[in-house]
Q: 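I'd like to ask some things about the structure below.
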Amino acid sequence: MLLVLLAVLLLLASGCAALLTQRSFRASAGCAVGAAVLAAVLGVIPSLRVLCGAAPQSLHLPWSVPYGAFFVEVDALSAFFLVPIFILSGLAAVYGAEYLGSYRETRSLGPAWFFFNLLVASMVLVVIARNAVLFLVAWEVMALASFFLVTFEDEKESVRDAGWVYLVATHLGTAFLLVLFIVLGSTGGSLDFDQFRVAPSQTGLLFVLALVGFGAKAGFMPLHVWLPEAHPAAPSHVSAVMSGVMIKTGIYGLVRMLTFLATPAAPPPAWWGWMLCAVGLTSGIFGVVFALAQHDLKRLLAYHSVENIGIIALGLGVGVLGLSTGMPTLAALGFAGGLLHVLNHALFKGLLFLGAGAVGHAAGTREIDHLGGLLQRMPWTGLTFLIGAVAISGLPPLNGFVSELLIYLGAFHGLTSAAAATAVPVLCVVAGLALIGGLAAACFTKAFGIVFLGEPRSDHAAQAHEPGLAMRLPMLLLAASCVLIGLLSPLAVGALAPVLANVTGLSPDVVRTHVAQAGGVLSFVTAGGVGLVGLIAALAGVRSWLLSGRRVTTTLTWDCGYAQPTTRMQYSASSFAHPLTELFSVLLQTRRRGVAPAGLFPHAASLATETPDVCSERLYGPVFTTIGRGLGRLRWLQHGRVHFYVLYIALTLLVLLIWKLG
Amino acid sequence: MNLWTDSILVLLALASLLLLGSSRIAGCIRIVAFQGLLLGLLTLTVQHGTPSLRPLALATAIIALKGVAFPWLLARVLRDAEVRREVDPLVSYTVSLLIGTLALALSLWLSQRLPLPTKPVASLLVPVALFTILAGLFVIISRGKALTQVLGYLVLENGIYVFGVGLVQGTPMLVELGVLLDVFVAVFVMGIALFHINRAFDHIDADRLAVLRD
Amino acid sequence: MEAGLTFALPLLLAPLMLGLINRTKALMAGRTGQPLLQTYHDLFKLLRKGAAYSRTTTWVFRAGPTVGLAAVLVASALVPLGGVPAAFAFPGDLILFAYLLGLMRFFTVLAALDTGSSFEGMGASREVTFSALAEPTLLLGFAAIARQTGSLSLSPMYAGLGSDAWRHAGPALALLAGALLIVFLAENARIPIDDPTTHLELTMIHEVMVLDHSGPELAFILYSSALKLWLLGSLLVGIVVPVRSGIVWIDTLAMLAGLFALAVVTGIVESSMARWRLLRVPQLLVGASALSALALALILR
């Protein structure tokens, strides 16, 4: 416990130090990065200890804010979320040390490091806070710190717009959270988490409030509109942290709410599970379909975050269904899959964003259709990106497959043993996960294939070079962790047992039985994975043995006799995704602009496609325009004369005084 | 001591009333300086028995800041900004004085009805404090130049201070420091802001700043 | 012993399926056609050759066939042959099976994109589209069988699909067989989805992806596609042939007969239809998903 608080203090102090030493790039970066790494080490130790079965520790200090208290605790659920927060932020800080180096001439980096460390510290506080006021303060600090990080390059208009969208979205969510906490605290009279008492009639309302409030941060559809704007605009190490762990604080909040609202004595109604599954399906499918249509690498990754949050929601939905129907297998497997996916997604999405940052840094552009052939120029980045791509598509033997398998297992258990009423949502979960998996594989073959394979499609890409060690090392470590968790999955699931007991409220023995069963399945999977790797090695050996001593030549790719193919004649990303985007064109509403080739000897032709977010165009756009127009009628109040403004204040004051006292 | 306290309070009320009727900015600044001096003396007179070190130091600080430093700062702004030396009233002087009297009556009436946690040191304290606040607000509302708005704000702060010093026994240091810091920052910021506004627009007429609206 | 059987049989006999299909097509066209064991000859010929690589390609190109074959080999350890259980069985192995095939597809597509050629890109693009649409069908089909037999592992699931299952849930199983037939044709790049004999870029999906491979790697690819044909075929035949006598060699022979019949049926289908327009293929696949879902709904009732 103290170690975690020490880590928070260290982060805050180093942030201030970075601000003070901002004249020297090395000093401020060194301060901040060193502290982040040290804090990560300090913070992970108690978290792992709690996950391995140590008792949760808490600290309760009074605070002068009304209803507030400095009440923090590290229990299994918090510890589970602390692990990815600390690990990813430590690694991202190391990455950022070199990544931000390219900006050192144009701006001072002290604020960037200050806000980064502040962001990490606030995320840690959010996860360990046990008092609503402390929670909300930390939540708000997290939102503001990330806002300032997103608008790092604020000279670009797109970045400024993205920052605004993000700020508005996060505050809308926070508004719902305020209402949620007020309602929660009103029955018990105190805003400490352990004093919350929930009246049974309120649980439905509270669940919906939590879903919207936390869902806005997590990125459920249709509250996701800020994700594809904010994540590409931020510097890559910040995008990695935001996408990897910040949106997971939304999931943490939702799960924490579930622990208040659903106890074994009062199981949740089935419609909660249905809603979570529905939200998960829409986010998952829409997310990946929109990702397919993007041609900016980071925007594509941002939409994939929406998709993976959908998968996590599917796992949570299956778990809630298990709780409501009294099927502990379903509950354990669903929550295990969903929560493990939180960790896995943090690892591989962080890895992918860091890789995308390296690509953007080296090639100068994030436009997929201008890249290509980067694997030969950036072998390590390419390798780690490939591992991330295989992991995010949920393919064995890596970690993405493990969490999806757990969710599938839960869903299949529900299908085989439950009544028909429960079987319908889990059926949709199965079909949905299958479709999402297939589409994700399509999207990542596109992303990896077009960016890293083939020939470079522009001069920038041809001149790309491998980034330095500070940028490569975090990517390598994250890739290694993906492989490790994939192969050591039974251990990872075992570590989830205390978390599951915490979340589902089931007795630890029941949880341990189910975890053991899951562990048994996973050990088969691990055996299969090891067998796979072994076979690959063996077959590679056979191949090289066969080819040794034989004639191996290199030549050009078969080009059907074209005299002078250029690299631009390769398949482009949009063409690759075209069959699928055509299929889903109703959802995507892609806009095309271009000049078609005409005549026998065509001159220049061009094609540009743009897929703006359908929710922000069709849903939020009209709503906000109507609100704006309605409020515009009150413009006459804003005459700009200070005297009248003060007059309004004074009048109100007088009226209140006279009314109340008269 | 009650006699001293009451006299100071009466003088304060008179100063505020006079402020409402002044037509020259330099005069207004001098009135506000006088109010600062009165406030410092008030700090001393409300103490029971001989004042110890803390109230003495506080009184000195207040006289120094509100009685000397801020008026000097404002006088400098007045000189450098080359404004016309007359107050620019949006409400004429006679009407202002009438409104001031009405405000005094209102504060007397309100102070009778106001439920206070502790008994004030002098019976005149709450009405005078309220009146000073209202006077300050009125100056902000009804005078055109930015400089007079700063003065109105200072008078407002004076009124709040009177409230504080009279009601809170044992003067917790934090409250004073907070108020003083508040005022210091306000004047500092306003001084700088006024300077910059003047540089940008060649005037510091607040009502002409309405062109800046959206 | 049975476990070894289900693993060894595809390794030995899978290329024979390809030969059967080709022979059937030739006979239907009035020709004599290739010998039945031609695929074996092709494999050995390719294994003896050297290789030519494009300068654009990287290690991903060289790894593609290797990873694909390894994935299919691991998958073949999971698939039962009707009533005969597979080498490994555990709850959830059906998901591992589906995703191992997905891994193979992922690396084949990457190897295709590695060449930097538009042809491979085109094939890759179509392949990922069709397989994304075929995944839900396969998994829904598994879900239906799982619900019917109450087990989550492929071997017990298929062991439970005897004549009893057909009596209880005949229509559902028939629908399922139809859906799986479509998946079988789609995943193995057979007509009406793809034409495995032509090498015209406009008509190819699978063939065009392997255009630049040569030598032993092409042998790996050919062998893994034969294995995949066998595996998906045994899943289909396991439903259609409800022979569950309990005696290993009877069951095995029944399944082998079924598989060879499937090969002949495929050959007949390929000879009597033309390849469909690519725009209609998604409709076909979505139709297959609907069949699976319908079968599941019937079983749930």
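Chain A is the first sequence line, chain B the second, and so forth, proteins listed ahead of strands; every chain is numbered from 1. Not measured: the values here are computed from a predicted model.
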Q: Looking at side-chain heavy atoms only, is the closest gap between A/Thr554 and C/Thr57 below 4.5 Å?
A: no

Q: Start with the C-alpha distance between C/Phe130 and A/Leu580, add both sets of side-chain angles, then the distance that settles side chain to side chain contact (heavy atoms under 4.5 Å, CB included), and finish with yes or no.
A: CA-CA 9 Å; C/Phe130 298 153; A/Leu580 280 167; over 6 Å; no

Q: Is it the side chain or the backbone of A/Leu433 that comes within 4.5 Å of chain C heavy atoms, both, or neither?
A: backbone

Q: With chain C, which of A/Gly454, A/Ala577, A/Gly438, A/Gly382 has the greatest number of heavy-atom pairs at distances under 4.5 Å?
A: A/Gly454

Q: Kindly give the heavy-atom pair with the smallest separation between C/Ala146 and A/Thr416, and that separation in Å.
A: O-CG2, 3.4 Å

Q: Which bit of C/Leu47 comes within less than 4.5 Å of chain A, counting heavy atoms only: side chain, backbone, both or neither?
A: both

Q: Would you say that C/Pro65 contacts A/Arg543 through its side chain, given a criterion of any heavy-atom pair below 4.5 Å between the two side chains?
A: no

Q: Out of A/Gly394, A/Pro379, A/Gly528, A/Gly373, which one racks up the most heavy-atom pairs below 4.5 Å with chain C?
A: A/Gly394

Q: Can you tell me which of A/Gly531, A/Gly549, A/Gly449, A/Ala434 forms the most heavy-atom pairs within a distance under 4.5 Å of chain C?
A: A/Ala434

Q: Around atom CZ of C/Phe88, are there more than 12 heavy atoms of other residues, nucleotides or ligands at under 6.0 Å?
A: no

Q: At what distance, to the nearest 0.5 angstrom, does CD1 of C/Ile95 lie from CG of A/Leu406?
A: 9.5 Å

Q: So which atom in C/Thr66 and which in A/Ala540 form the shortest heavy-atom distance, rounded to 0.1 Å?
A: CG2-N, 3.6 Å

Q: Short question: side chain of C/Arg147, backbone of A/Leu415 - any donor-acceptor pair under 3.5 Å?
A: yes

Q: Using every non-hydrogen atom in the two residues, find where C/Leu103 and A/Pro396 come nearest and quote the distance to one decimal.
A: CD2-O, 3.4 Å

Q: Between C/Ile299, C/Asp212, C/Leu69, C/Leu133, which residue shows the highest count of heavy-atom pairs closer than 4.5 Å to chain A?
A: C/Asp212

Q: Under 4.5 Å from any heavy atom of chain A, what part of C/Glu217 do you find: side chain, backbone, both or neither?
A: side chain

Q: Working to the nearest 0.5 angstrom, can you tell me the gap between A/Gln570 CD and C/Ser118 OG?
A: 7.5 Å

Q: Does any non-hydrogen side-chain atom of C/Phe220 lie less than 4.5 Å from one of A/Leu539?
A: yes

Q: Does a side-chain heavy-atom distance below 4.5 Å link A/Phe576 with C/Val109?
A: yes

Q: If you round to the nearest 0.5 Å, how far is CG of A/Leu546 from CG of C/Leu46?
A: 11.0 Å

Q: Against chain C, label A/Ser572 side chain, backbone, both or neither, depending on which of its atoms sit under 4.5 Å from a heavy atom there.
A: neither

Q: Relative to chain A, which segment of C/Ala111 carries a heavy atom at a distance below 4.5 Å: side chain, backbone, both, or neither?
A: neither

Q: Check whether any side-chain heavy atom of A/Phe452 sits under 4.5 Å from a side-chain heavy atom of C/Thr58, and report yes or no.
A: no

Q: Given C/Asp93 and A/Phe524, is the side chain to side chain contact (heavy atoms under 4.5 Å, CB included) satisfied, shown in steps?
A: CA-CA 9 Å; C/Asp93 59 7; A/Phe524 272 108; over 6 Å; no

Q: Quick one: what part of A/Val533 sits under 4.5 Å from any heavy atom of chain C, side chain, backbone, both or neither?
A: neither

Q: If you count heavy-atom pairs within less than 4.5 Å of chain A, which of C/Leu100, C/Thr137, C/Leu279 leads?
A: C/Leu100

Q: Going from CG on C/Leu73 to CG on A/Leu532, what distance comes out if it is rounded to the nearest 0.5 angstrom?
A: 9.5 Å

Q: How many angstroms lie between atom OG of C/Ser117 and atom CD of A/Glu455, to the nearest 0.5 angstrom?
A: 11.5 Å

Q: Tell me the closest heavy-atom pair linking A/Leu435 and C/Ala132, and the distance in Å.
A: CD1-O, 3.7 Å

Q: Pick whichever of A/Ile436, A/Leu439, A/Leu427 has the most heavy-atom pairs under 4.5 Å with chain C.
A: A/Leu427

Q: Under 4.5 Å from any heavy atom of chain A, what part of C/Pro91 do you find: side chain, backbone, both or neither?
A: both

Q: Using the side chain to side chain contact (heavy atoms under 4.5 Å, CB included) rule, take A/Leu386 and C/Phe107 through it: C-alpha gap first, then chi angles, then the decisive distance, then the call.
A: CA-CA 10 Å; A/Leu386 178 63; C/Phe107 273 90; 4.3 Å; yes

Q: Which pair of heavy atoms, one from C/Ser125 and one from A/Tyr571, lies closest together, and at what distance?
A: CB-CE2, 3.8 Å

Q: Check whether C/Thr115 gets within reach of chain A through its side chain, its backbone, both or neither, counting any heavy atom under 4.5 Å.
A: both

Q: For chain A, which candidate among C/Arg55, C/Glu120, C/Glu135 shows the most heavy-atom pairs at distances under 4.5 Å?
A: C/Arg55

Q: Under a 4.5 Å cut-off applied to non-hydrogen side-chain atoms, are A/Val390 and C/Phe106 in contact?
A: yes

Q: Indicate the atoms forming the closest heavy-atom contact of A/Gln376 with C/Thr56, along with that distance.
A: NE2-O, 3.4 Å

Q: Quick check on A/Ser575 against chain C: is it the side chain, the backbone, both or neither that has a heavy atom closer than 4.5 Å?
A: backbone

Q: Could you walk me through whether C/Trp59 and A/Leu375 satisfy the side chain to side chain contact (heavy atoms under 4.5 Å, CB included) test, starting with their C-alpha distance in whole Å, then the side-chain angles of each, then the deciding distance to 0.1 Å, before giving a yes or no?
A: CA-CA 9 Å; C/Trp59 59 267; A/Leu375 188 59; 3.9 Å; yes

Q: Does any non-hydrogen side-chain atom of C/Phe142 lie less than 4.5 Å from one of A/Val430?
A: no

Q: Can you tell which of C/Leu138, C/Val128, C/Leu113 has the highest number of heavy-atom pairs within less than 4.5 Å of chain A?
A: C/Leu113

Q: Looking at CD of A/Glu582 and OG1 of C/Thr129, how far apart are the two atoms once the value is rounded to the nearest 0.5 Å?
A: 11.0 Å

Q: I need the residue from C/Leu300, C/Leu110, C/Val286 with the largest number of non-hydrogen atom pairs under 4.5 Å to chain A.
A: C/Leu110

Q: Below 30° counts as parallel, above 60° as perpendicular, anything between as tilted: where do the rings of A/Tyr408 and C/Tyr99 land?
A: perpendicular

Q: Count the heavy-atom pairs under 4.5 Å between each of A/Ile450, A/Leu405, A/Thr553 and chain C, then report the option with the highest count.
A: A/Thr553

Q: Quick check on A/Gln517 against chain C: is it the side chain, the backbone, both or neither that has a heavy atom closer than 4.5 Å?
A: neither

Q: Which bit of A/Ala389 is near chain C, if near means a heavy-atom gap under 4.5 Å: side chain, backbone, both or neither?
A: both

Q: Any idea which of C/Gly102, C/Gly150, C/Ala143, C/Gly92 has the most non-hydrogen atom pairs under 4.5 angstrom with chain A?
A: C/Ala143

Q: Evaluate the side-chain proximity of C/Pro216 to A/Leu547: yes if any heavy-atom separation is below 4.5 Å, no if none is.
A: yes

